[in-house]
K.L.:
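Dropping a structure here in structure tokens format, bear with me for questions.
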Amino acid sequence: MSASATLKYRPETRLVHSGTLRSQFGETSEALFLTQGYVYENSAQAEARFKGEDPGYQYSRFANPTVAMFEQRIAEFEGAEASRATATGMAAVTLALMGQVRAGDHVVASKALFGSCLYVVEEYLPRYGVSSTIVDGTDLDQWRAAMRPNTKTVFMETPTNPTLEVVDIAEVSKIAHAAGATVVVDNVFSTPLWQSPLQLGADCVVYSTTKHIDGQGRCLGGVILGTKKFINDNIHIHLRQTGPSMSPFNAWVMLKGLETLPVRVRQQTDSAGKIADALGRHPKVSRLIYPGRPDHPQAAVVKKQMRGGSTLVAFEVVGGKKGAFAFQDALKIVRISNNLGDAKSLITHPATTTHQRITQVQRDELGISDGMVRLSVGLEHPDDLIEDVAVALKAV
Ligand SMILES: Cc1ncc(COP(=O)(O)O)c(C=O)c1O
């Protein structure tokens, strides 16, 4: 169904139907157009297509019908005018930032970022003459102080990985806009179900679709969303010319993933809340962070900007690294993996895996202690998960 035909429906309905381009065969499930190129009726049509005078596809690095279905469906759900899909989440983050800046520009970002995102901001952008300032995302004064006349964009992740710290999107957007900068939000940890950064004032939202949007651990992907103008001016031409495009196969997987996203994420969030409550009372857990609980450090911001909690729970096991390893190794259902958003519950020890590359001082600043683990809650029965966690904590 076209965007105009589905606009009147509720989000869940639109996630099942919008964007569908049904072929002449009338298939129920969206077709996978696994093609690199497209043929033209005649030379004149080829010429017109390249001139942009004839609508239609030319080459799948530029656009593809299956990828277009995914882009339309996620854009509608996010409330964005336009979107472009990318090969991975990191391709989306890199393009969302690189597509906007020129040598001499400045970028401000919160320090609690996924490691590769921090690398892009702190090491990759400066190589091309783009300076960056890293701030504590929860401290609005630091955002204010970091703005310069040449600040082009600000970048944040909220909730953050792995400490689930929450940044106030609306307030940071006001500060950035007052300084003439745009706002890019990595919304991976919240998912489009629980948080809508564009409605809170952001100019661009990025996702690693590898996480909850696929939701079953199969394919890598990313997506960048914003106004038509933002996407046309900053993203489209770079994607087309530099080529970090999403494959049609991955787009098809993501498109089908969107149909079940609300059901899965609701269930996973519900289970995560129950696990958080059980952990909150446990003597072997010295610290628990879960957005949605009144003891979350930014509970007021969570209430203001999120419609639901999280599918992730971060907690500190007593006994430091030894305690965390003993706990992880004793789990039977929950598997050790650095991924998240999967149907399978996954656990990671950030200090020795995802955040191993940064220094101890940086980890201390971010609150990533040696006893901290990050649990991504899957679709197993919550009682089995609570039992698995409780039995494993006995090994600590
Ligand atoms: C918050 C966040 N942003 C971006 C990425 C990068 O996504 P991908 O692995 O699809 O490149 C990840 C991956 O773990 C992530 O957690």
Side-chain angles (χ1 to χ4, degrees), residues 67 70 74 78 83-98 109-125 134 137 154-167 169 183-195 197 202 204-225 239 243-247 249-251 253-254 257 265 268 289 291 306 310-314 336-342 344 346-350 353-358 366 368 372-377:
V67 180
F70 168 66
I74 179 87
E78 190 71 45
S83 85
R84 292 309 320 263
T86 55
T88 64
M90 280 321 301
V93 171
T94 308
L95 185 54
L97 298 178
M98 288 294 273
S110 50
K111 68 180 169 199
L113 289 181
F114 173 59
S116 301
C117 297
L118 202 59
Y119 169 84
V120 170
V121 173
E122 281 193 307
E123 296 183 39
Y124 192 68
L125 291 176
I134 303 294
V154 309
F155 178 56
M156 73 180 86
E157 182 184 307
T158 180
T160 62
N161 179 20
T163 51
L164 308 179
E165 179 180 291
V166 172
V167 181
I169 299 173
V183 177
V184 179
V185 177
D186 184 335
N187 206 29
V188 161
F189 270 52
S190 186
T191 84
L193 190 69
W194 297 142
Q195 184 169 268
C204 174
V205 177
V206 288
Y207 289 102
S208 161
T209 67
T210 313
K211 316 298 183 215
H212 305 84
I213 292 175
D214 174 337
Q216 292 176 67
R218 298 161 294 193
C219 293
L220 297 166
V223 68
I224 309 170
L225 302 111
L239 181 72
S245 322
M246 181 180 269
S247 92
F249 180 80
N250 289 12
V253 170
M254 301 303 170
V265 172
Q268 286 167 287
I289 315 164
M306 294 178 71
S310 173
T311 65
L312 291 120
V313 186
I336 302 170
S337 170
N338 47 292
N339 206 9
L340 60 104
D342 201 292
K344 294 179 171 57
L346 304 172
I347 197 150
T348 191
H349 181 246
T353 59
T354 51
H355 291 71
Q356 175 232 112
R357 211 174 57 88
I358 62 172
L366 292 171
I368 305 171
M372 175 173 277
V373 291
R374 184 199 74 194
L375 172 64
S376 168
V377 179

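Order of listing sets the numbers, starting from 1, for every ligand and every atom in it. We use all heavy atoms of the structure for the numbers below, so side chains are in, but hydrogens, waters and symmetry mates are not.
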K.L.:
Is there a side-chain contact between E165 and S110, using heavy atoms and a 4.5 Å cut-off?
P.N.:
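No, side chains not in contact.
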K.L.:
Drop me the distance from N339's CG to T354's OG1, to the nearest 0.5 angstrom.
P.N.:
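Going from CG on N339 over to OG1 on T354, the span is 11.5 Å.
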K.L.:
Sort out for me which residue in K211, Q268, H212 forms a side chain to side chain donor-acceptor pair (under 3.5 Å) with T311.
P.N.:
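For T311, the side chain to side chain donor-acceptor pair (under 3.5 Å) test succeeds with only one of K211, Q268, H212, which is H212.
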K.L.:
Would you mind listing each N/O atom of ligand 1 next to any protein N/O under 3.5 Å, plus the distance?
P.N.:
| residue | atom | partner | partner atom | Å |
| --- | --- | --- | --- | --- |
| ligand 1 | 3 (N) | D186 | OD2 | 2.7 |
| ligand 1 | 7 (O) | S208 | OG | 3.0 |
| ligand 1 | 10 (O) | G89 | N | 2.9 |
| ligand 1 | 10 (O) | S208 | OG | 2.8 |
| ligand 1 | 10 (O) | T210 | OG1 | 2.6 |
| ligand 1 | 11 (O) | G89 | N | 3.1 |
| ligand 1 | 11 (O) | M90 | N | 2.8 |
| ligand 1 | 14 (O) | K211 | NZ | 2.8 |

K.L.:
Considering residues at least two apart in sequence or located in another chain, which fulfil the salt bridge (charged side-chain N to carboxylate O under 4.0 Å, His left out) criterion with D186?
P.N.:
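For D186, no residue satisfies salt bridge (charged side-chain N to carboxylate O under 4.0 Å, His left out) once neighbours in sequence are set aside.
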K.L.:
Would you say the side chain of T160 lies within less than 4.5 Å of the side chain of K111, judging by non-hydrogen atoms?
P.N.:
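Of all side-chain heavy-atom pairs linking T160 with K111, none is under 4.5 Å.
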K.L.:
Identify the residue among N338, T353, N161 that makes a side chain to side chain donor-acceptor pair (under 3.5 Å) with T348.
P.N.:
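When side chain to side chain donor-acceptor pair (under 3.5 Å) is applied between T348 and each of N338, T353, N161, only T353 qualifies.
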